[in-house]
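Not measured: the values here are computed from a predicted model. Convention: sequence-line order gives letters A, B, ...; per-chain numbering from 1.
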Amino acid sequence: MNLLSSKRLKKAKDKDIVFEILDIKKNKKTGFFHKMTEIYAFAVALGIKSKKTEPIIGGNGDPIAVDLFSEEQQRYFDTVILFHEAGDITKLNKENEENINRYVKTIEAYANGGLAIIKDKLVVHPEDSFNIITRLVHEELKEVIPDEAKGAFEW
Amino acid sequence: MILKRLVLNNFRQFKGRTVIDFSPIDGKHVTFVYASNGVGKTTLLSSIVWCLYGGDKLEYIDQKSLFLNKSLFQELSDFGEMTIEATLIFEDREKQYTVKRTIVIQNVDNKQKITDQNLEVQINNETQYNPQDRINSVLSPAMKEYFFFEGEGVQKFADESNYKKVQDGIKNIMKIDTREKALSYIESARSKFAKELKEINAEQGNADILPEEEKELLIEKQKDIKHNIEKLNKDIETFDDIIKKIEINLLSIEEIKILSKERESLLQDIEKAKEKRKNLQAQQKDKIAKEAYLALSNDVLTISKNIIDEKRETGILPVGIRKKFVEELINSHMCICGTTFDSGDKHHNKLLNIIESVSDESAIEDILNELSYFIEAKKDITSKYSLEYKTLSDELTNTNEKLNSLEQKFSTLEDNIEDEFPQNEENLISRKKQTINDRDNSIKTKERFSIELEEIEKKLKEIETLINKYETQNEAINLVRDRIAFCSEAVEVLSKENAKIIEQIRCDLSKKINDKFQTILHAQKNAKIDDDFRLIITEGDNENISGKSGGEGQLISLLFISTLIDMARNREKERNTSDIDPGAGIYPIVIDAPYGKFDTVYKQYISEVVRDMAPQVIILLTQEQWNDGKDLYPIFKDDIAHQYVLIAHRPKLSHSFSKTNRINYNGQSIDMEILDDDEYTEIKNMKDI
């Protein structure tokens, strides 16, 4: 029995602003992510790439049901757990309540870490959100992308 | 013209011989004649006029046909005759004229019938052959009303309908009529010569109309047509210019149309490029939103894959019946042995037992297997993402460049179109059509004129030939033609000069009348002779107030005559004896009852004017108007040469010793009515009383 599917992933209240800027439904000018789950997955990836986790303490915004994440995003979260738990595959057991709680907290911590990075960059010039996010991604990628793709990642 | 003496013989009221002297004495030029109404004042005026101009009727009085004294007439037997005589002696330009007019009256059925009239005129005692002409040349009959006034008739010039009298007066007294007569003679002469020429031409079988006249007419017509053609040429030129300009504008409209199409196409391209850019940007955004997280997670995916692979290789991964497999069998109601079952039967329970015994590890393996597939599928995600993103970026750059270039082209095009934006095409086309129409009409008219011109030129040549032929044919024709030409020229010159002189006199006269008028009245009024020769009085903002006051009307009439006489007198002084200038130089005034019912002030105004209006003034008035000289004497005292009183002899007195038929003179009271068996009027010089 997959206990994870009934869980919700929390986001810290102070990071709501990131969603308000990047969610196209909330702001048509600055937003270009069509779903909150996309922003959340992106934040997780950024958090893990930057090795930045930030546990959620205190108040939190509306949590996102795990079911709302795509299958691909859920698979991705599994790889994050596998990576985070240094190969301890038992941590992927989704029938175990204790495991699931740990699973959820880990993802939330990476997401919160990633959201913190995004927030730092965005709050100054929210109107330039697309370029800020693009630059953020490309800064992270510039070492790993193939030479033929480099032109697009130079600023 | 100065009246010296009037002698009447049996003339109406005046029985026997009556003599009255008017000659100025020591520069005193005024004669007063006092009489009651009906006694003979107006008869005196009438006798002077009749003596000068004759006629079967007397002027100014009732019973115009009664020439003979009534009591004498009654003594006449049936068909008995008696001669009446009026002799007027006057002087003009140092010549003495004696005018004697007689009329023979016969008693026919107790009515006075004229049987004979005679006029004798002597100048310096020499009898003249054309006596009436001699008188008329001094003072034409038309002029009598300017110098011989009767009662309120003096006001007549102020009547606006009498502008012709004003104009004629100016012409006559200022001798313009002489010029007009000359003009009329020349015109008559021209007609006579023209008739003569026609007769000569007719005798020679020539055309009715003079070739010279026809030539003149044709030349005039030719001039008009040439002028019209010239004007039409200018019009056509203007129309051509307008058409050219319109065509240039229309051409530029065509160019602009092409440019506009190009602009439309560019706009479409720009829109497409913008759409493409929007799509590319959306794709980029989508790529970041949907794929960037995986591209960023290359390490995570690689490490996870390595972990799974390592676990498999080392056999750490659990092996057994997979929980999911058993779950699927239960859901499909099928046992491992292949038997289908219902819920709760033994196959079902067996499978439930198996599922309980299946370890969690098998579920993990499922997850790991799925992860393996997932990671395998995403293994090149970073490169793929980067290359795809690069492709989008490149495309975007190209699209932007293309868009820039398109927008630049568009802007240049837009500038050109704006700079040369022409007028509305439909208007231009309609204007062009209209202008072409106008031009064509002008060309047609010009062609018509040209044909007409050719015909005229042809006719002119023919006439020229005709004239040449006549010239050689007949010298008499040439002579008559020369005369006609001379007359025409003289008529033109004289007409212009006459009009100029009359206008000059009108202006001078008007100014002088106004000066005198204002001197007398001291009022905010003006008197003038307007452009139409109306004698008018204006007030304030040039408002015509003529006719409102009888006194002013009389005043302005007298001023008109007096000023005119004054101007004539000045002209006479400057006269050159060699001038062709018949008629009198100076004129007398005989004025009957000039005061009407005016008050003292107006009487004085009028008296001042009358006193100065002519070198000789004869005033006929009633004793009431004289009023013992209270109002008038102070004005005239230095100018009175003679004073006469007319005494009525009657069988019955009309006023019976009342004050009204007496006049006071030098402290004496003189009766103006005396009881007598005869009824006649006696004239007495007041000095002799």
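For B:Ile288, the parts sitting under 4.5 Å from any heavy atom of chain A are the backbone and the side chain alike. For B:Glu291, no part sits under 4.5 Å from any heavy atom of chain A, backbone or side chain. Contact of A:Glu71 with chain B is not made at all, since no heavy-atom distance falls under 4.5 Å. For B:Leu396, no part lies under 4.5 angstrom from a heavy atom of chain A. No part of B:Asn306 comes within reach of chain A, as not one of its non-hydrogen atoms sits under 4.5 angstrom from that chain. With a 4.5 Å cut-off on non-hydrogen atoms, B:Lys378 touches chain A through its side chain but not through its backbone. Heavy atoms of A:Leu92 lying under 4.5 Å from chain B belong to its backbone as well as its side chain.
Scanning both residues, B:Lys290 and A:Glu72, for their nearest heavy atoms gives O-OE1, 4.5 Å. Annotation for B:Val300 and A:Thr79: closest pair CG1-O, 3.6 Å, computed over non-hydrogen atoms. The shortest non-hydrogen separation linking A:Ala41 to B:Tyr293 is O-CB, 3.6 Å.
The CG atom of B:Asn298 sits 12.5 Å away from the CD atom of A:Glu140 when rounded to the nearest 0.5 Å. Taken to the nearest 0.5 Å, the CD1 atom of A:Ile24 stands 7.0 Å off from the NZ atom of B:Lys285. Separating the CD atom in B:Gln284 from the CZ atom in A:Phe32 is a distance of 10.5 Å, to the nearest 0.5 Å. Within the model, atoms CD1 of B:Ile367 and CG of A:Leu4 stand 9.0 Å from one another, a figure rounded to the nearest 0.5 Å.
The candidate from B:Thr382, B:Leu371, B:Ile375, B:Ile303 with the greatest count of non-hydrogen atom pairs under 4.5 Å with chain A is B:Leu371. In terms of heavy-atom pairs under 4.5 angstrom with chain A, the leader among B:Asp286, B:Leu294, B:Thr397 is B:Leu294.
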Would you sort out whether A:Leu141 and B:Tyr385 count as a side chain to side chain contact (heavy atoms under 4.5 Å, CB included), showing the intermediate values? CA-CA 10 Å; A:Leu141 290 181; B:Tyr385 167 88; 3.7 Å; yes
Does A:Phe42 form a side chain to side chain contact (heavy atoms under 4.5 Å, CB included) with B:Leu296? I'd like the steps, not just the answer. CA-CA 9 Å; A:Phe42 177 72; B:Leu296 284 171; 3.7 Å; yes
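For A:Asp62, the CG atom sits in a loose shell: 12 or fewer heavy atoms of surrounding residues, nucleotides or ligands are nearer than 6.0 Å. Within 6.0 Å of atom CG in A:Leu3, more than 12 heavy atoms from other residues, nucleotides or ligands are found, so the atom counts as buried in its surroundings.
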